[in-house]
Peer 1: 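Structure provided below as structure tokens; questions to follow.
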Amino acid sequence: MQRRKFLGRTMASGVALGGLAGVTPQLAGQAAGKRRSDLPSQFVPSAYSVPSTKYSPFTVPDYYTYADDLVVERNRPGKPHQGKVLAAVQAHSDDIPLFAAGTVAKLIDEGYTGYLIRLSNDEAAGKTLGYGVVQNEIDNQKAAEALGCKKAFSFYYRNHRMDDCAVIELRSRLIFLFRLLQVDTIVCMDPYNHYDENPDHIMAGKAVEGACWMSGASKDYPEHYKAGLKPAHVREKYYYARSPQGHNLVNRVVDVSSYIDTKVRVNMANKGKGPAGSAGSRLRQELLRQGKKLPLLGEDDEAANFQYVKFFLMDDSRSYGKQFGCEYAEAFRYIGAEPNYLDNIRRYAAAHSVPA
Ligand SMILES: [Zn+2]
């Protein structure tokens with residue numbers, strides 16, 4: 001495909017899908033050579049580097065590839081998702097908080113009943129392995145509360161060892177929960193993310209992908225039905241990616257500007273793991289010991305924790321959002337509901353049938 005054609009299609013789809021003024025300057029800017037590149041002119045770029053202030057260790061992957069039917073999802077008035085159920089599934093207690101908490105909070109505010117499901121025990125993040133298990137168990141519960149979830153679950157697989165788990169067991173446990181909770185929509189790590197160095201993320205994505213498909217099937221785990229469960233039809237998936245050298249397909253950007261303070265508080269709940277928690281108060285105390293203070297951290301530890309997360313750790317979400325005309329944004333590979341092809345065929349038959 002010619003570069004001009006690719007950009008033209010990107011710009012056209014952006015305008016059609018709600019004034020994507022922000023997509024185009026960066027993409028066009030990169031292609032026009034404003035961003036330094038040694039790419040010879042005979043090559044067409046297919047991946048776009050994501051700007052980063054380097055204030056956060058891994059908030060955004062290094063590269064995204066954009067689909068030309070990309071949608072910017074904005075706030076939806078009223079409660080359009082009333083009666084629907086959302087499962088936010090994460091390998092670790094800081095995955096959803098860092099990469100998708102704004103979107104989960106938005107969807108819950110728009111009517112979803114939310115559940116947070118953690119798969120590992122997070123033992124590798126804490127003063128000792130034992131403390132890590134306990135602290136992250138508490139954190140997962142607190143993060144769920146800050147998100148507005150109805151309940152949190154943990155499966156307690158050993159941290160960074162989930163590739164030693166039988167994926168069939170992991171998947172069957174998820175199928176049980178999806179059927180029990182009647183899940184309509186999931187938010188999870190992309191099972192096809194490139195270059196993710198964390199084996200737990202890949203396992204989580206693969207297990208969730210299979211569970212979404214099989215939860216609606218009539219022959220898989222039939223004892224569930226005899227015990228009273230109903231099939232669950234997961235129709236929407238929001239997949240996010242984390243990886244230091246990452247490269248992922250993005251077709252949906254969610255404007256989380258209205259939910260950024262909630263996202264900050266969800267991250268503050270992660271005290272045992274991740275870059276947030278009480279990092280702000282620790283920096284404030286360190287400076288006070290040197291007889292200094294950083295005005296942006298405020299006058300107490302609570303303010304310092306909030307400001308630290310919002311100013312430093314959310315800065316990449318802010319600079320990413322700017323490209324799409326949002327104050328803050330999160331990126332996803334979104335998979336929506338499949339149309340019922342049999343209904344379509346029957347409608348066609350009804351409209352075109354003639355006397356035999
Ligand atoms: Zn993780």
Side-chain angles (χ1 to χ4, degrees), residues 50 52 55-62 64 87-105 115-126 129 131-144 146-147 149 152-165 167 170-171 173-174 186-209 211 237-248 263-264 266-277 279 309 313-314 316-317 330-333:
V50 181
S52 171
Y55 285 151
S56 180
F58 36 58
T59 314
V60 290
D62 286 354
Y64 282 138
V89 188
Q90 56 182 356
H92 311 118
S93 60
D94 61 343
D95 294 341
I96 290 284
L98 282 169
F99 305 110
T103 298
V104 172
Y115 295 95
L116 183 63
I117 303 172
R118 180 184 65 141
L119 304 184
S120 85
N121 67 358
D122 281 311
E123 66 187 3
L129 273 73
Y131 276 107
V133 172
V134 173
Q135 182 64 57
N136 283 286
E137 182 182 58
I138 295 167
D139 292 355
N140 194 57
Q141 184 63 42
K142 296 288 183 196
L147 279 166
C149 288
F153 297 89
S154 285
F155 284 3
Y156 298 103
Y157 290 101
R158 291 198 68 186
N159 199 180
H160 297 166
R161 291 165 172 251
M162 283 182 54
D163 46 343
D164 193 34
C165 302
V167 70
L170 189 50
R171 195 171 60 216
R173 292 178 75 179
L174 288 167
I186 61 99
V187 180
C188 184
M189 198 75 76
D190 194 326
Y192 306 104
N193 182 26
H194 300 296
Y195 309 117
D196 194 324
E197 62 196 350
N198 194 317
D200 296 353
H201 294 164
I202 304 300
M203 286 293 291
K206 297 274 188 213
V208 168
E209 175 91 335
K237 300 169 190 165
Y238 290 77
Y239 286 138
Y240 59 88
R242 178 269 176 183
S243 37
Q245 301 294 313
H247 173 191
N248 215 55
K263 181 171 182 174
V264 169
V266 171
N267 277 278
M268 287 164 66
N270 270 135
K271 299 193 185 307
K273 189 160 201 160
V309 176
L313 304 183
M314 296 299 116
D316 283 348
S317 297
E330 292 171 346
F332 297 91
R333 183 164 75 90

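In this text, all values refer to a predicted model and were calculated from it rather than measured experimentally. Atoms within each ligand, like the ligands themselves, are counted from 1 in listed order.
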Peer 1: Which atom name does H92 have for its N/O/S atom nearest to the Zn ion (ligand 1)?
Peer 2: ND1
Peer 1: Of all the N, O or S atoms in D95, which one sits nearest to the Zn ion (ligand 1)?
Peer 2: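 Atom name returned: OD1.
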Peer 1: Consider only side-chain N and O atoms of D200 and H92, and report whether a donor and an acceptor are under 3.5 Å apart.
Peer 2: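 A donor-acceptor contact under 3.5 Å links the two side chains.
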Peer 1: To the nearest 0.5 Å, what is the distance between CG on L170 and CG on L119?
Peer 2: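 That separation rounds to 5.5 Å.
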Peer 1: Is there a donor in the side chain of S52 and an acceptor in the side chain of D316, or the other way round, less than 3.5 Å apart?
Peer 2: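 A donor-acceptor contact under 3.5 Å links the two side chains.
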Peer 1: Report the distance from atom CD1 of I186 to atom CG of L174, rounding to the nearest 0.5 Å.
Peer 2: 10.0 Å
Peer 1: Identify, by name, the N, O or S atom of H201 lying closest to the Zn ion (ligand 1).
Peer 2: NE2
